[in-house]
2 protein chains.
Amino acid sequence: MGTPQLAQQPEPKYWHLKTVLSAALDSEFSVGQALPNERALAARFGVARATLRQALDQLELEGRLQRRRGIGTTVAPPRVGVDVGPGALDGPGGPGDAWTTTGWAREPAPPAVAEALGLPRREPVEAVHRLLTSHGLPVATERLFVPAALLPERPGAAAPRPAASGEQRGLDLLGRLRAQGPDGQDRSVELGSAGAAEARRLDQLPGAPVLLVTTRYARAGRVLAVSLATYRADTCRLTFGGGDAPRAGEAAAVSVE
Amino acid sequence: MGTPQLAQQPEPKYWHLKTVLSAALDSEFSVGQALPNERALAARFGVARATLRQALDQLELEGRLQRRRGIGTTVAPPRVGVDVGPGALDGPGGPGDAWTTTGWAREPAPPAVAEALGLPRREPVEAVHRLLTSHGLPVATERLFVPAALLPERPGAAAPRPAASGEQRGLDLLGRLRAQGPDGQDRSVELGSAGAAEARRLDQLPGAPVLLVTTRYARAGRVLAVSLATYRADTCRLTFGGGDAPRAGEAAAVSVE
DNA sequence: AAGTGGTCTAGACCACCTC
DNA sequence: AGGTGGTCTAGACCACTTA
């Protein structure tokens with residue numbers, strides 16, 4: 001008799017569950033539709049609730065589901081493409097777009113930022129806070145670290161009065177940075193998790209997965225500002241170079257196989 | 001008497017644990033050092049193992065820890081910066097770099113790829129498989145969908161014989177694509193989870209978080225090829241535009257606060 | 001054989017939302 | 001009040017590695 005099939009190690013239950021649910025989402029559910037609650041689903045599949053949740057966690061990570069406490073689980077819409085091309089300094093007063101300046105603060109620079117700017121670590125520095133919304137929902141927050149000392153005041157513009165709001169101060173700094181006309185940008189993207197403050201601003205739970213985009217604005221080899229942007233990983237797809245980048249299609253591409 | 005402090009809802013245990021562990025990693029551990037095992041840690045902090053694991057899961061997601069079954073948990077080195085700039089077609093025979101062509105196959109195009117290439121969905125198409133390693137470890141896999149029909153054979157080069165290996169066929173297709181000199185690229189990045197095949201090639205477990213990079217190569221408005229690349233999210237930081245993009249520093253930037 | 005992390009269970013309670 | 005997802009427990013067994 002031939003060599004018997006190598007005893008295939010059993011697929012984890014949650015993995016199989018995920019596959020089954022994924023197929024069901026494609027064929028039997030439409031965007032926005034609610035799934036049965038977790039206890040019902042677990043019972044239907046004959047597994048513990050924790051095991052079912054492991055499968056749902058994966059599907060949520062892939063952007064296929066949306067879960068809200070007290071509400072339920074629904075089928076998520078396709079991820080929204082967000083351009084992080086060369087125009088990232090856009091905003092009210094700038095060309096383009098939907099970034100909103102929400103405030104201003106002097107706060108200690110994170111180590112990487114301090115290093116890039118050539119400052120002592122944890123040196124207090126001006127930070128402009130911005131929020132990006134898409135279709136009315138928040139998708140990203142940004143802290144733009146921009147040392148005022150590096151930016152001359154704009155001759156034509158009135159400096160904000162001491163009593164000016166954070167928004168006004170932020171807009172002033174942003175304008176001064178734009179006036180410098182940065183000529184170089186470095187960007188990097190990595191996976192992170194939302195802190196308490198970011199989670200609140202992005203309307204999600206602390207610890208939720210986010211895409212961390214670090215951008216360095218330079219002019220003539222001198223780093224003028226560093227931006228730390230936090231994009232919701234569940235709802236966002238970052239696009240570079242052109243607004244019509246391809247969509248990584250339904251299940252097939254998001255869960256790579 | 002004044003309004004009493006609003007009863008602060010208790011921080012989840014796993015969240016507090018994560019904070020404590022994170023601080024300990026910074027101050028008392030060095031890269032590569034092993035942590036106590038999960039049962040010991042759970043006992044030390046007086047929580048159930050599942051709760052401890054929730055904290056470790058987060059730290060692993062942020063690239064601070066590395067866990068290997070049967071081995072233990074160690075402090076992860078800083079993420080490696082991987083350039084995904086305009087030179088992504090590099091590889092043996094091309095300028096630059098470390099992509100290795102591992103094979104070739106005719107496989108059905110994922111929906112998004114078929115659409116971008118203007119083909120019927122699930123149409124079989126040539127796919128070149130490549131692997132990117134850094135310091136000897138695999139960090140990314142790629143499937144480059146490149147319909148042979150769109151690419152003329154190179155006059156000077158010998159076409160691979162029918163019996164040629166997958167590698168040879170892949171290299172031939174890659175050469176023909178390079179010879180076309182694509183002049184446009186669209187890229188997008190999103191979060192995904194590794195399928196069984198990718199996980200095997202990347203030496204991680206199925207379901208591990210990955211960064212999905214979709215690139216469209218075009219010439220004169222015509223899409224010639226589409227690449228689906230899968231980067232390990234735990235060990236990689238994607239960099240764009242210049243090889244010396246800033247590092248999102250230690251804890252502070254990866255776990256945004 | 002012994003030790004590690006990965007999976008799974010059957011409960012419990014909590015925070016949040018709607019009715 | 002009743003429903004939802006989020007947290008937590010105290011176990012058990014499994015897969016993998018090393019010795």
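Proteins come first, then strands; the chains are lettered A, B, ... in the order of their sequence lines, and each starts at number 1.
Between the C1' atom of D/dC8 and the NE2 atom of B/His16 lies a distance of 16 Å, rounded to the nearest Å. Rounded to a whole Å, the CD atom of A/Gln66 is 11 Å from the P atom of D/dG6. Between A/Leu41 atom CG and D/dG6 atom C1' there is a gap of 16 Å when expressed in whole angstrom units. Atom CG of A/Asp57 is separated from atom P of C/dT7 by 12 Å (rounded to the nearest Å). The CD atom of B/Gln204 sits 18 Å away from the P atom of C/dG5 (whole-angstrom rounding). Separating the CD atom of B/Gln54 from the C1' atom of D/dG6 is a distance of 8 Å, rounded to the nearest angstrom. Atom CZ of A/Arg69 is separated from atom P of D/dT7 by 7 Å (rounded to the nearest Å). The interatomic distance linking A/Gln58 (CD) with C/dC8 (P) rounds to 12 Å, in whole Å.
A/Leu56 comes within 4.0 angstrom of no nucleic acid atom, judged by non-hydrogen atoms across all strands.
OP1 and OP2 of C/dG3 both lie 4.0 Å or more from every side-chain N or O belonging to B/Asn37. Listed pair B/Arg53 / C/dG6 meets the phosphate criterion, a side-chain N or O lying under 4.0 Å from OP1 or OP2. Taking 4.0 angstrom as the limit, A/Thr73 places a side-chain polar atom (N or O) nearer than this to OP1 or OP2 of D/dG5. Checking the phosphate oxygens (OP1, OP2) of C/dC17, no side-chain nitrogen or oxygen of A/Arg68 falls inside 4.0 Å. A sub-4.0 Å separation between OP1 or OP2 of C/dC8 and a side-chain N or O of A/Tyr14 is absent.
In this structure, the separation between OG1 on A/Thr215 and CZ on A/Arg187 is 4.5 Å, given to the nearest 0.5 Å.
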Mind listing the side-chain donor-acceptor pairs of residues 39-49 of chain A below 3.5 Å, one per line with the distance, residues two or more places apart or on another chain?
unit_1  : atom_1 : unit_2  : atom_2 : d
A/Arg49 : NE     : A/Glu38 : OE1    : 3.0
A/Arg49 : NH2    : A/Glu38 : OE1    : 3.1

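In this structure A/Ala50 satisfies the side chain to side chain contact (heavy atoms under 4.5 Å, CB included) test with no other residue, sequence neighbours excluded. Applying the side chain to side chain contact (heavy atoms under 4.5 Å, CB included) test to B/Thr19 and every residue at least two apart in sequence or in another chain returns B/Trp15. Checked against side chain to side chain contact (heavy atoms under 4.5 Å, CB included), A/Ala199 has the following partners two or more places apart in sequence or in another chain: A/Ala194, A/Pro206. Listed by chain and number, the residues in a side-chain hydrogen bond (donor to acceptor under 3.5 Å, both in side chains) with A/Ser27 amount to none (sequence neighbours excluded). Partners of B/Pro124 under the side chain to side chain contact (heavy atoms under 4.5 Å, CB included) rule, at least two apart in sequence or in another chain, are B/Arg106. In this structure B/Ser227 satisfies the side-chain hydrogen bond (donor to acceptor under 3.5 Å, both in side chains) test together with B/Glu142, sequence neighbours excluded.
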I'd like a table of atom pairs between the protein and nucleotides 9-13 of chain D - only N or O on both sides, under 3.5 Å - with the distance next to each one.
unit_1 : atom_1 : unit_2  : atom_2 : d
D/dT9  : OP1    : B/Lys13 : NZ     : 3.0
D/dT9  : OP2    : B/Ala48 : N      : 2.8
D/dT9  : OP2    : B/Thr51 : OG1    : 2.4

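Taking a cutoff of 4.0 Å between a charged side-chain nitrogen and a carboxylate oxygen, B/Asp26 and B/Arg64 qualify as a salt bridge.
Both A/Pro12 and A/Gly70 lie near DNA chain C, and the one whose nearest nucleotide falls closer to the 5' end is A/Pro12.
End-to-end axis angle for the helix from C/dA1-D/dT18 to C/dT18-D/dA1, using five pairs per end and rounding to 10°, comes out at 10°.
Not a single donor-acceptor pair under 3.5 Å links the side chain of B/Arg201 to the backbone N or O of B/Pro138.
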